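Owing to the predicted nature of the structure, the values given are computational and were not obtained by experimental measurement.
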Protein chains: 2
Amino acid sequence: MTLDIDPVQSDRSRDALTAAHLYYLQDLTMDAIARELHTSRSSVSRLLSHARETGLVDIQIKSPLDAPSHLEQQLEARFRIEAHVVPVPDSASDVDRLERVALSVARILGQYFDSNMTMGIAWGSTMNAISRHVTPKQTHNSQIVQLNGAGNMRTTGLGYASEILGRFGTAFGAHIQQFPVPAFFDDPATKKALWRERSISRLIDMQATMDIALFGLGSPFSGVISRVYAGGYLEKAEFDALSAAQVVGDVATVFYRADGSTDGIALNERSTGPEFTVLRRTPRRICVVAGRSKLASLRGALAARLITDLFVDESTARALVEAS
Amino acid sequence: MTLDIDPVQSDRSRDALTAAHLYYLQDLTMDAIARELHTSRSSVSRLLSHARETGLVDIQIKSPLDAPSHLEQQLEARFRIEAHVVPVPDSASDVDRLERVALSVARILGQYFDSNMTMGIAWGSTMNAISRHVTPKQTHNSQIVQLNGAGNMRTTGLGYASEILGRFGTAFGAHIQQFPVPAFFDDPATKKALWRERSISRLIDMQATMDIALFGLGSPFSGVISRVYAGGYLEKAEFDALSAAQVVGDVATVFYRADGSTDGIALNERSTGPEFTVLRRTPRRICVVAGRSKLASLRGALAARLITDLFVDESTARALVEAS
DNA sequence: AACCGGATTGAACATACGTGCAAGGAGCCG
DNA sequence: CGGCTCCTTGCACGTATGTTCAATCCGGTT
């Protein structure tokens with residue numbers, strides 16, 4: 001057994017690297033590059049795609065700091081967060097919105113995550129969308145930790161959640177830490193007991209000391225039903241209880257009201273997501289929101305001070321600013 | 001008088017920014033972007049060019065660290081420098097070589113230079129070529145300092161050198177410090193006297209404390225005549241003296257031999273470039289070389305330990321490694 | 001108000017680029 | 001040694017992008 005890299009792979013990458021050099025740093029046409037590399041133009045096109053996909057080429061966009069859009073400035077001033085407004089035409093559907101915001105986030109994420117870091121991630125449609133596009137970036141000694149369990153009455157949830165987790169993991173070359181518990185326990189006592197198990201508490205500790213948290217928002221009572229409510233995670237009675245408690249949203253299956261409060265929301269006792277008091281210790285907490293249906297939920301999360309960095313589509317951002 | 005930015009400029013930049021967002025982060029086609037921005041596709045193409053040219057979009061290429069080319073590794077091991085080999089086909093002319101290496105350097109330079117830094121730059125065909133392509137990057141409180149005088153019998157040299165200097169200055173938003181003296185004094189005493197003038201000594205001090213030096217190499221006795229020898233800077237007699245002293249090259253009009261030594265080279269007493277003992281204190285000293293005609297000169301500069309970072313075209317790099 | 005550069009715009013054209021496809025390997029059984 | 005699959009390659013085609021040019025707009029001047 002040897003440590004050599006697959007020579008074919010390495011050949012390919014070496015070529016991709018020179019191709020990228022010639023294309024992006026020397027402005028040669030793919031045709032010219034093809035001649036220098038003794039191959040066809042189409043292969044060069046493919047090499048360059050490969051270079052971009054694998055993060056060999058890194059394209060960043062830098063706001064000249066003096067020109068964050070008016071919207072971003074307002075959000076930053078009003079909520080004390082770093083805001084990133086993703087331009088999406090007002091006519092776009094909510095699906096488009098999510099897809100486009102997710103794509104933007106996926107491309108930028110590498111600027112936040114680095115070697116020796118631990119990032120906690122939730123799961124759900126937002127995280128799923130992001131995971132499908134993350135641009136790879138090689139890191140060392142870094143960890144991706146699942147924030148909340150994903151099991152329900154029908155499945156252990158390991159498939160869906162770990163797919164998401166896995167995509168982040170391979171993109172960053174990070175170890176992944178799954179959280180093999182249901183989204184909600186039936187009995188709070190089970191949770192307490194499990195939390196004392198070393199295998200689980202190790203994970204809880206990692207969550208408590210992570211450098212970055214990345215999450216979307218659940219919004220139980222708005223048009224688009226978040227995955228948590230659709231997938232058999234909650235019974236009708238539980239759902240009604242949330243409604244009665246005036247819940248407006250959740251982060252990693254921990255629920256909150258419009259004012260950001262969580263006290264007396266019974267379901268949280270059985271939820272596996274990190275308590276907000278813990279979450280708030282994470283230095284960078286990136287929230288991704290797309291679509292106006294999540295507006296109430298977003299207001300609540302802001303009130304709960306769960307967010308340090310917000311990625312949001314333009315029209316939702318506008319709505320957020322206007323109503324305040 | 002107001003501090004507002006030209007609203008037209010700012011409009012343009014804002015659009016360029018969103019266009020860049022949509023194009024590079026969301027993979028929209030220019031056509032789609034045109035519709036969102038209510039303009040024509042060609043305008044979007046222009047906006048994107050603008051965004052790239054002004055450094056709004058920053059494209060980096062990251063060697064996965066495990067894959068610096070064989071050549072780069074050898075150079076780094078042998079000379080204790082950071083090497084960047086620029087791929088250029090062996091068939092390319094020396095002019096092409098220079099142009100392509102310069103373009104690469106111009107694109108990468110922003111990764112080295114930042115706010116609050118001082119960079120010293122020489123002048124000559126290499127620096128000229130680089131200056132014509134530097135990708136802008138906004139910095140604050142940074143300085144560009146001219147390393148050596150550019151005047152000669154016919155002109156003050158302020159035009160040519162300051163054009164170069166100016167391009168770097170505007171690209172980085174840096175203050176520029178010209179060096180209004182000839183390349184060589186006739187009398188060493190004049191130099192000594194001037195060096196005591198506060199206006200000049202201030203500049204010398206800046207050179208002594210700069211963070212980065214950027215220079216090409218002169219190679220008096222090889223095919224392509226460096227600007228120093230062509231432009232009326234040296235008399236026949238001086239040229240002969242250099243030859244007799246076995247000089248192989250110069251950095252900022254300070255001459256050295258193949259072994260890197262400078263002792264007893266009379267012309268250096270009258271040269272306005274920084275002494276090597278001073279130059280070597282600069283933490284990062286970036287040398288840009290293109291063309292095998294500069295090989296001897298490059299060997300000397302390496303022997304003189306003037307270089308910490310080398311940018312060189314592929315075939316010159318190969319020649320350098322092979323002959324050692 | 002009429003006039004004049006100079007900059008900006010969209011249409012049209014000319015390139016350059018991405019991708020489906022069929023052909024040609026390279027490895028892997030049977 | 002076929003015969004199989006899976007992967008890579010170059011070609012051909014359609015689309016996306018860069019660029020020229022004439023028309024238009026704008027700010028300043030007479």
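- Straight-line distance from the NE2 atom of H38(B) to the P atom of dT9(C): 15 Å, rounded to whole Å.
- Across all strands, S45(B) comes closer than 4.0 Å to base atoms (heavy-atom distances).
- Using cut-offs of 30° and 60° for the angle between ring planes, the H84(B) and F311(B) rings count as parallel.
- In this structure, the CZ atom of R41(A) is 13 Å from the C1' atom of dT9(D), given to the nearest Å.
- Residue T39(B) is in sugar-phosphate contact alone, with no base atom involved, counting any heavy-atom pair closer than 4.0 Å across all strands shown.
- If R46(A) and D31(A) are placed on DNA chain C by their nearest nucleotide, the residue sitting closer to the 5' end is D31(A).
- Remark: P of dC17(C) and CG of L22(A) are 13 Å apart, rounded to the nearest angstrom.
- In this structure, I61(B) CD1 and Y23(A) OH are separated by 11.5 Å, a value rounded to the nearest 0.5 Å.
- Taking atom CZ of R12(B) as the reference point, atom P of dC26(D) lies 16 Å away to the nearest angstrom.
- Defined by atom type and a distance below 3.5 Å, a donor-acceptor pair is present between the side-chain atoms of R52(A) and Y24(A).
- A sub-4.0 Å separation between OP1 or OP2 of dC17(C) and a side-chain N or O of T29(A) is present.
- Salt bridge R318(A)/D90(A): present, at least one basic N to carboxylate O contact under 4.0 Å.
- Atom pair L37(B):CG and dT9(C):C1' shows a separation of 14 Å (rounding to whole Å applied).
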Show your reasoning for whether salt bridge (Lys or Arg N to Asp or Glu O under 4.0 Å) applies to E36(B) and R41(B).
CA-CA 11 Å; E36(B) 296 201 9; R41(B) 196 184 52 68; over 6 Å; no
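- When the side-chain nitrogen and oxygen atoms of Y23(A) are compared with OP1 and OP2 of dC17(C), one or more of them lie within a distance under 4.0 Å.
- Spacing between atom CG of L28(A) and atom C1' of dT15(C) amounts to 16 Å, rounded to whole angstrom units.
- The M30(B) side chain lies nearest to dG18(D) when the options are dG18(D), dG20(C), dC17(C).
- Look at CG on L47(B): it is 14 Å from P on dT19(D), rounded to the nearest Å.
- Atom CZ of R35(B) is separated from atom P of dG10(C) by 14 Å (rounded to the nearest Å).
- Within 4.0 Å of S42(B), counting heavy atoms only, lies at least one base atom of the nucleic acid.
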